[in-house]
Amino acid sequence: MANSFERIYAVVKKIPRGTVASYGQVALLAGNPRWARVVGYALHANPDPEGIPCYRVVTKDGRTSPAFAFGGADIQRALLEADGIEFTEDGRVDMAKYGWTGLG
DNA sequence: GCTATGACAAGAA
DNA sequence: CTTCTTGCCATAG
């Protein structure tokens with residue numbers, strides 16, 4: 001059983017609608033702040049795309065991943081906007097407003 | 001068990 | 001700002 005993945009998935013699934021979390025954030029909430037890469041790997045596997053909103057996970061800059069292959073890089077933005085998240089002219093998300101602290 | 005790879009993050013030039 | 005380098009951990013072959 002993939003303990004790491006299970007934990008990461010659990011965290012990603014807990015991300016509330018209208019908020020986004022960075023890989024490092026998810027990794028930290030998952031239990032290890034060094035899982036940033038593992039988080040990406042876990043999301044890449046994405047065994048349950050319906051329960052795991054991987055599109056709510058962005059880089060530390062609040063930008064979408066450059067290799068987001070969840071149907072298209074533009075898809076992620078559309079999904080986030082659908083959650084009520086705004087994008088800056090730089091194509092980034094305001095982590096100060098939409099950044100999930102994990103507290104709730 | 002080791003090597004290679006990666007949807008990251010932080011630092012340096 | 002772009003590009004390169006290092007650090008970290010787990011998965012796949």
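Every chain is numbered from 1 and lettered A, B, ... according to where its sequence line falls, protein lines coming before strand lines. As a basis for the values below, the full set of heavy atoms in this structure was taken, side chains included, without hydrogen atoms, waters or symmetry mates.
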- [ ] Assign each of R63(A) and Y41(A) to its nearest nucleotide of DNA chain C by heavy atoms, then name whichever residue's nucleotide is nearer the 5' end.
- [x] R63(A)
- [ ] Measure distances between side-chain N and O atoms of R37(A) and base N and O atoms of dC9(C), and say whether any donor-acceptor pair falls under 3.5 Å.
- [x] no
Provide, to the nearest angstrom, the distance between the [atom1] atom belonging to [X] and the [atom2] atom belonging to [N].
| X | N | atom1 | atom2 | value |
| --- | --- | --- | --- | --- |
| R34(A) | dA10(B) | CZ | C1' | 12 Å |
| N46(A) | dA7(B) | CG | P | 14 Å |
| D90(A) | dT2(C) | CG | P | 10 Å |
| K60(A) | dC8(C) | NZ | P | 18 Å |
| H44(A) | dG6(B) | NE2 | P | 9 Å |
| F5(A) | dA12(C) | CZ | C1' | 10 Å |
| E6(A) | dT11(C) | CD | P | 11 Å |
| D61(A) | dA9(B) | CG | P | 8 Å |

Open item on the list: Taking the six-membered ring of F87(A) as reference, does the cationic atom of R92(A) (NZ for Lys, CZ for Arg) lie under 6.0 Å from its centre and within 45° of its axis?
Closed with: no
From the set [options], return the single nucleotide nearest to any side-chain atom of [X].
| X | options | answer |
| --- | --- | --- |
| L43(A) | dA9(B), dA10(C), dA7(B) | dA7(B) |
| W35(A) | dC9(C), dT11(C), dC8(B) | dC9(C) |
| Y23(A) | dA7(B), dT11(C), dC9(C) | dA7(B) |

Open item on the list: Between S65(A) and dC8(B), is there a contact of a side-chain N or O with OP1 or OP2 at under 4.0 Å?
Closed with: yes
Is there a side-chain contact between [X] and [Y] (heavy atoms, below 4.5 Å)?
| X | Y | answer |
| --- | --- | --- |
| E86(A) | Y98(A) | yes |
| V20(A) | M95(A) | yes |
| P53(A) | V12(A) | yes |

Task: Pairwise distance OG1(T19(A)) to CD(Q25(A)) - rounded to 0.5 angstrom - done: 10.5 Å
- [ ] On DNA chain B, check which nucleotide each of V38(A) and Q25(A) is closest to and give me the residue with the more 5' one.
- [x] V38(A)
